[in-house]
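What follows is a single structure, written as structure tokens, with notes after it.
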Number of protein chains: 2
Amino acid sequence: MNMDKTVRDPDMPHNETSDISKARLRAWLQILKVSRKIEGELREKMRLEFGSTLPRFDVMAALYRSRDGMRMSELSSALMVSNGNVTGIVDRLVTEGMLVRVPVENDRRASIVRLTEAGEKDFAERALVHEGWVSELFSDLSAHDADALIRILRTVYHHNEAHHD
Amino acid sequence: MNMDKTVRDPDMPHNETSDISKARLRAWLQILKVSRKIEGELREKMRLEFGSTLPRFDVMAALYRSRDGMRMSELSSALMVSNGNVTGIVDRLVTEGMLVRVPVENDRRASIVRLTEAGEKDFAERALVHEGWVSELFSDLSAHDADALIRILRTVYHHNEAHHD
DNA sequence: CCCAAATATTTTATGCTTGAAATAAATGTC
DNA sequence: GACATTTATTTCAAGCATAAAATATTTGGG
């Protein structure tokens with residue numbers, strides 16, 4: 001007698017789906033729900049407190065880690081968004097005085113983007129406040145659960161990393 | 001002697017942050033990373049296989065659960081997006097013949113949106129395929145980890161539900 | 001050297017998303 | 001019954017995001 005609920009009768013009609021499949025779908029919907037909720041909260045705070053946005057914060061965060069600057073293509077692959085997307089966000093940050101585009105020696109196609117002094121200063125301040133917001137939004141998350149969450153999500157992420165069949 | 005790592009020296013400079021705060025930030029960044037990766041994969045599949053989008057799928061899913069239809073305001077609160085957002089998505093789905101707007105008796109401000117017969121049929125098929133995609137993308141997620149994930153994310157979600165101070 | 005292919009980036013068209021303003025209709029209050 | 005308020009929805013402006021096409025430049029044969 002089959003006690004394993006994840007193994008189904010092979011005669012099961014193909015329009016029914018397994019329990020494990022349903023559990024994974026629920027997990028995905030829950031991830032989506034939480035990430036949208038948190039993203040919405042952070043977007044609102046960014047707008048009200050900084051007059052800025054999450055995508056701009058992300059770009060500045062990447063550049064803050066690479067003080068020598070990054071190419072547009074490096075930025076878009078680090079942030080996992082399209083090239084054209086980064087163009088627009090960088091344009092706005094340049095207008096705001098947060099970023100500069102520097103030509104690259106020996107390659108006139110490319111340019112390097114880096115934080116201005118003002119951009120560095122602003123980001124350093126904002127990053128601290130941002131971390132506080134996140135910690136508050138996740139204040140019910142224990143260190144233990146945070147670790148469990150990260151471990152589980154890492155396995156999911158790695159399975160989907162760059163192995164497009 | 002203080003053994004609790006989450007309680008810090010009150011003289012700690014305010015530009016340093018606690019370990020638990022850093023762990024929560026890492027957890028949030030990991031949630032974001034996974035949800036963007038999965039969302040991107042699903043978007044691409046939706047586009048290639050169905051010639052459709054995730055937001056349209058979400059609207060149809062909500063209406064599939066409420067066969068009698070929903071008001072625009074019910075839809076936007078169920079999906080946790082703005083009113084104006086739903087207007088545009090519904091417009092496109094009406095053009096595609098998936099949805100109809102039905103006037104509400106005794107209230108000429110409101111209208112009820114519901115799936116057409118074609119919309120119901122299309123969604124039923126797509127939902128099965130969609131569940132298969134999710135199960136495949138999450139195939140490294142055991143039933144046990146799925147439950148753990150859901151439990152942890154639920155506590156985070158509930159903490160942030162509707163208590164804007 | 002010439003030119004096809006590859007690379008780096010921007011532009012374009014389309015759609016999603018928000019917040020705020022506008023429109024329209026219903027409701028409550030004097 | 002007039003009218004201020006509330007409720008339901010749409011419209012608008014701006015920004016984010018993608019895929020695909022366009023532009024510009026570099027590189028690698030022949």
Side-chain angles (χ1 to χ4, degrees), chain A residues 32 35-48 50-60 69-96 98-99 101-113 164, chain B residues 32 35-48 50-60 69-96 98-99 101-113 164:
Chain A
L32 209 50
S35 83
R36 282 182 183 170
K37 169 67 79 179
I38 301 294
E39 220 169 327
E41 301 285 344
L42 291 176
R43 181 190 12 256
E44 189 182 6
K45 287 176 193 292
M46 288 262 173
R47 184 175 58 86
L48 297 176
F50 300 155
S52 191
T53 67
L54 234 22
R56 289 177 209 186
F57 185 82
D58 291 345
V59 165
M60 291 177 78
M70 295 171 84
R71 291 179 172 219
M72 295 299 286
S73 47
E74 288 181 300
L75 260 178
S76 64
S77 69
L79 302 174
M80 300 191 296
V81 298
S82 65
N83 281 339
N85 188 0
V86 175
T87 298
I89 297 168
V90 166
D91 285 350
R92 282 168 217 119
L93 285 168
V94 168
T95 304
E96 288 176 10
M98 297 287 146
L99 265 48
R101 278 184 226 250
V102 184
V104 172
E105 293 269 295
N106 303 326
D107 191 345
R108 289 187 298 168
R109 294 169 305 179
S111 62
I112 278 184
V113 183
H164 287 277
Chain B
L32 209 49
S35 84
R36 282 181 182 170
K37 169 67 82 178
I38 302 294
E39 219 168 331
E41 300 284 345
L42 290 176
R43 182 192 8 257
E44 189 183 5
K45 288 176 193 292
M46 289 261 172
R47 184 174 59 85
L48 297 177
F50 301 156
S52 191
T53 67
L54 233 23
R56 290 177 208 185
F57 185 83
D58 290 346
V59 165
M60 291 177 79
M70 296 171 83
R71 290 179 173 219
M72 295 300 286
S73 48
E74 288 180 300
L75 259 177
S76 65
S77 69
L79 302 174
M80 298 191 297
V81 298
S82 64
N83 281 339
N85 188 358
V86 176
T87 298
I89 296 167
V90 166
D91 285 349
R92 283 168 215 118
L93 285 168
V94 168
T95 304
E96 288 177 10
M98 298 288 146
L99 265 49
R101 278 184 227 251
V102 184
V104 172
E105 293 271 294
N106 302 328
D107 192 344
R108 289 187 297 167
R109 293 170 305 178
S111 61
I112 279 183
V113 184
H164 288 276

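Order of the sequence lines fixes the chain letters, A, B, ..., with proteins taken first and strands second; residue numbering starts at 1 for each chain. Only this structure's heavy atoms are used, side chains among them; waters, hydrogens and symmetry mates stay out. The shown structure was predicted, so the numbers you read here are calculated from the model rather than taken from an experiment.
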| Could you go step by step and tell me if A/Leu93 and A/Val90 meet the side-chain contact (heavy atoms from CB on, under 4.5 Å) rule? | CA-CA 5 Å; A/Leu93 285 168; A/Val90 166; 5.6 Å; no
| task | Just call it for A/Ser73: base, sugar-phosphate, or nothing, with non-hydrogen atoms closer than 4.0 Å on any strand. | result | sugar-phosphate
| said: Categorize B/Ile89 for me: base, sugar-phosphate, or nothing, with a 4.0 angstrom heavy-atom threshold over every strand shown. | reply: sugar-phosphate
| request: Round to the nearest Å and state the distance from B/Arg56 atom CZ to D/dT18 atom C1'. | output: 13 Å
| Can you check the B/Asn85 CG to C/dG19 P distance for me, whole Å? | 11 Å
| request: Give the rounded distance in Å between these two atoms: CG of B/Asp107 and C1' of D/dA8. | output: 7 Å
| task | Could you tell me whether the side chain of B/Arg109 has a donor or acceptor atom within less than 3.5 Å of a complementary atom in the base of D/dT7? | result | yes
| Reckon A/Arg108 has a side-chain N or O less than 4.0 Å from the OP1 or OP2 of D/dA24? | no
| Whole-Å distance between D/dA17 P and A/Leu54 CG? | 9 Å
| request: Would you check, one step at a time, whether the test salt bridge (Lys or Arg N to Asp or Glu O under 4.0 Å) holds for B/Asp58 with A/Arg36? | output: CA-CA 14 Å; B/Asp58 290 346; A/Arg36 282 182 183 170; 3.7 Å; yes
| remark: When rounded to whole Å, the CZ to C1' distance for the pair B/Arg47 and C/dA13 reads 14 Å
| If you take all heavy atoms of A/Met60 and A/Leu99, which pair is closest and at what distance? | CG-CD1, 4.3 Å
| When you measure from the side chain of A/Arg71, which nucleotide among C/dA8, C/dG15, D/dT11 comes out closest? | C/dA8
| task | Using atom CG of A/Asn83 as one end and atom C1' of D/dA20 as the other, report the distance to the nearest whole Å. | result | 12 Å
| said: Which nucleotide wins on minimum distance to the side chain of B/Thr53, given the candidates C/dG15, C/dA25, C/dT18? | reply: C/dG15
| task | Please report, rounded to the nearest Å, how far the P atom of C/dT14 is from the CZ atom of B/Arg43. | result | 18 Å
| Is A/Glu41 reaching over with its side chain to a backbone N or O of A/Ile38, donor-acceptor style, under 3.5 angstrom? | no
| On DNA chain C, nearest-nucleotide positions of A/Ile112 versus B/Val81: which is more 5'? | A/Ile112
| message | Against B/Ile89, only a single residue in B/Asp91, B/Asn85, B/Val86 fulfils side chain to side chain contact (heavy atoms under 4.5 Å, CB included); can you say which? | response | B/Asn85
| said: Tell me the interatomic distance from B/Leu79, atom CG, to C/dT18, atom C1', rounded to whole angstroms. | reply: 15 Å
| task | Remember a base hit wins even if backbone is also touched, and classify B/Arg36 as base, sugar-phosphate or nothing at under 4.0 Å, heavy atoms. | result | nothing
| message | If you compare every side-chain N and O of B/Arg101 against the phosphate oxygens of D/dT10 (OP1, OP2), does one of them come in below 4.0 Å? | response | yes
| field | 5'-most by nearest nucleotide on DNA chain D - B/Asp91 or A/Gly88 | value | B/Asp91
